[in-house]
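Below, chain A is the first sequence line, B the second, and so on; all start at residue 1.
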Number of protein chains: 2
Amino acid sequence: MVRQPAINAKDRAPLSIERIIEAALQIIDGQGLGRLTMRRLGDALEVEAMAIYHHLPRGKEQLLDGLVAHVAIAPADGRKAAGWREALTRWAHAYRKRLLDHAGVLPLLVTSRNPAALATTTASLREVLREGGVPEAAAAVAAHALLSYVIGHTALEVRGTGEDAVEVVDWDARFDRGLDLVLAAVNL
Amino acid sequence: MVRQPAINAKDRAPLSIERIIEAALQIIDGQGLGRLTMRRLGDALEVEAMAIYHHLPRGKEQLLDGLVAHVAIAPADGRKAAGWREALTRWAHAYRKRLLDHAGVLPLLVTSRNPAALATTTASLREVLREGGVPEAAAAVAAHALLSYVIGHTALEVRGTGEDAVEVVDWDARFDRGLDLVLAAVNL
DNA sequence: ACCTGAACACCGTTCAAGT
DNA sequence: ACCTGAACACCGTTCAAGT
C-alpha cells in the first residue's frame, strides 16, 4: 500500500523567508502598509502568527528590513543600450517602476532602516555609469543627483496620485522631462 | 479676599491643535515616529489620551495630517537674493533643513496623506521662480526637478546617517554638488 | 465645552508545550 | 525542527459620565 499522509498532517510547503516576504508584499500592495500585521500575515500563509518568529527571530523589524532589501534591487533591463545616456534613462525607468509597484514600502525607504540595502541600489547605478565610460569624479555626483531625483519624483507621484488628489498630472511625462533636465546636466 | 483657584482645579492652558501638534513633533524628533501614541501624547500634554479626540475628531489620522502640513511650510529666508539661482539655492537649503529637522515625519510625506499640504510647498517654490523671472514653461520642469532632488537627497541622507551607517559621507557637500548640477540644467 | 474612566477589539512578542 | 495556544503589555477608539 502506498503511504498516505495522515488526514491531520499539514503537508503544505514549509514556511520560508522568501514566502513570508512575498506574502507581506502582497498584503502591502493590496491593503497598505498599515494593514500588515503579524497575525494577518500568518493568516495569508495559513499558519499561526507565532510561527513566523521561527524564521524571523527579530520579528517585525526583520520583516520590514527584508521588504526594504527586496525593493532595493532594480531588475536589470535586458536590452543593450546605445550609450550612457540611454542606459541611465532605462535604469531610471526601471527603478521608478520598482518603487511604484511597491509604493506601500516607500515610507520604509526614508528611514535609517537597513542602510546596506541602499548600497545595493547605488552599486547597480554606479555600474551603469562605469560601463558608459563616465569619469569617476563626475559619476559620483551624477549617481547621487539621479538617484535622488528618481526617489523624490516617486514620492511626489505617490502623494499626487492618492484618492483625493488635488490636481490631474501626466506623471509619466513629468518624470521624463525632469529626467531629461538632470541628464542634460550630467553631460556638461 | 482675592479669589484663589481651588486646589483641585487644573488651571493650566487648555488644549489646542497647535499645542497638540507641537507636543507630537517633540515626541517624534526625540523618540521616533513609532513611539508617537495617543496615550504618550496625552501624557506629554498632562491630559488623558481621550481628551485629544475632542480637538481632533478624526483621531490619529488627523494628527498625522497636521504633522505633514507643518513640515510642508519651508520658513522664508529673510535675506535678499542676488538672482534666481541664489534664490533657488537658498530655498533648497531651507527646505532640506526643514525636512532634516523633522526627519521622523518623512515617512508620512511619501504617502498619499494630505496632498493639499504638498501644494503649499510647490507654491512657495513656484513663487521664487516667478520672482526670479524664469519663464513659465521652464519653471514648471525646474520646480519639479528641484523639489524631487531635495526630497530624494534628504531621504538618502536620512538612510545614510543612521546608527549603523555603511559609509562616512559629507552630506552637506554632496547636497551642494548635486544641487549645482540640477541648477546648471535649469540654466540651459 | 472640555475632560475622564471603563471598555472593546486589536497589536507585537514571550514562553512553555506539542508533534 | 517547526508550529501552536495561552498569556502579557500595549495600541486606537467608543461611549457614557462627570464638571
Side-chain angles (χ1 to χ4, degrees), chain A residues 3-24 27-28 30-68 104-105 107-108 111 113-114, chain B residues 3-24 27-28 30-68 104-105 107-108 111 113-114:
Chain A
R3 201 173 64 86
Q4 290 287 111
I7 294 280
N8 281 342
K10 314 214 173 110
D11 53 339
R12 40 181 161 73
L15 230 45
S16 70
I17 295 189
E18 290 72 27
R19 279 188 58 219
I20 294 172
I21 297 277
E22 194 186 353
I27 292 174
I28 292 174
Q31 315 182 241
L33 186 59
R35 290 187 59 82
L36 175 66
T37 70
M38 299 302 272
R39 283 168 161 94
R40 240 189 294 265
L41 185 54
D43 280 352
L45 293 162
E46 294 183 332
V47 104
E48 293 299 315
M50 296 73 199
I52 298 168
Y53 288 81
H54 196 266
H55 301 265
L56 301 174
R58 273 180 36 247
K60 196 169 188 183
E61 284 297 310
Q62 193 172 356
L63 173 64
L64 299 182
D65 285 354
L67 293 171
V68 169
V105 182
L108 304 177
T111 309
R113 172 188 316 282
N114 199 355
Chain B
R3 202 173 64 87
Q4 290 287 111
I7 294 280
N8 283 343
K10 315 211 172 117
D11 52 338
R12 40 181 159 76
L15 231 44
S16 68
I17 295 188
E18 291 71 28
R19 279 188 58 222
I20 294 171
I21 297 276
E22 194 186 353
I27 292 174
I28 293 176
Q31 314 182 240
L33 186 59
R35 291 186 58 81
L36 174 65
T37 69
M38 299 302 271
R39 282 167 161 93
R40 239 189 294 265
L41 185 54
D43 279 353
L45 293 162
E46 295 184 331
V47 104
E48 293 299 315
M50 296 70 198
I52 297 168
Y53 288 81
H54 195 267
H55 301 266
L56 301 174
R58 272 179 35 245
K60 197 170 187 183
E61 284 298 309
Q62 193 173 358
L63 173 64
L64 299 182
D65 285 353
L67 293 171
V68 169
V105 182
L108 304 177
T111 309
R113 175 188 314 284
N114 200 355

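- The CZ atom of B:R35 sits 17 Å away from the P atom of D:dA9 (whole-angstrom rounding).
- Across A:R40 and A:R35, no two heavy atoms sit closer than the pair NE-O, 2.7 Å.
- B:M38 comes within 4.0 angstrom of the backbone, heavy atoms only, and of no base.
- What separates CD1 of B:I52 from C1' of C:dA1 is a distance of 17 Å, to the nearest Å.
- For A:L36 and C:dC10, the CG to P distance is 17 Å, given to the nearest whole Å.
- Nucleic acid contact class of B:R40 (heavy atoms, under 4.0 Å, all strands): sugar-phosphate only.
- Atom-to-atom, CZ of B:R19 to C1' of C:dC2 comes out at 13 Å; the value is rounded to the nearest Å.
- B:L33 has its side chain out of reach of A:T111: every pair of non-hydrogen atoms, C-beta onward, lies at least 4.5 Å apart.
- Taking both residues in full, the closest heavy atoms of A:A49 and A:M38 are given as CB-O, 3.4 Å, listed atom of the first, atom of the second, then distance.
- You'll find the side chain of A:H54 stays beyond 4.5 Å of the side chain of A:L15, heavy atoms only.
- Proximity of A:H55 to the phosphate of D:dC3: a side-chain N or O atom is located under 4.0 Å from OP1 or OP2.
- Comparing A:A51 and A:R39 against DNA chain D, the residue whose closest nucleotide sits nearer the 5' end is A:A51.
- Taken from CD1 in B:I21 to CG in B:L56, the straight-line distance is 6.5 Å, to the nearest 0.5 Å.
- To the nearest 0.5 Å, the span separating CG on A:D65 from CZ on A:R113 amounts to 5.5 Å.
- Computed from coordinates, the A:L45 CG to D:dC2 P distance equals 15 Å when rounded to whole Å.
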**OP:** Let me have DNA chain C in dot-bracket notation, would you? Count Watson-Crick plus G-U wobble pairs, both distances under 3.5 Å, and use [ ] for pairs crossing earlier ones and | for inter-strand partners.
**Re:** ||.|||||...|||||.||
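- Put simply, OH on B:Y53 is 18 Å from P on C:dC2, counting in whole angstrom units.
- Taking a 4.0 Å limit (strictly below) on heavy-atom distances, residues 56-67 of chain A reaches DNA chain C at A:G59, A:K60.
- Atom C1' of nucleotide D:dT19 and atom NE2 of B:H54 are separated by 13 Å, given to the nearest angstrom.
- Under the side chain to side chain contact (heavy atoms under 4.5 Å, CB included) test applied with A:L63, the options A:I52, A:I17, A:L36 reduce to a single match, A:L36.
- Atom CD in B:E48 sits about 15 Å away from atom C1' in D:dG12, given to the nearest Å.
- Annotation for B:L41 and B:A24: closest pair CD1-N, 3.6 Å, computed over non-hydrogen atoms.
- Going from atom CG of B:L67 over to atom CG of B:N114 covers 10.0 Å, rounded to the nearest 0.5 Å.
- Checked against C:dG12, C:dG5, D:dA6, the side chain of B:M50 finds its nearest nucleotide in C:dG5.
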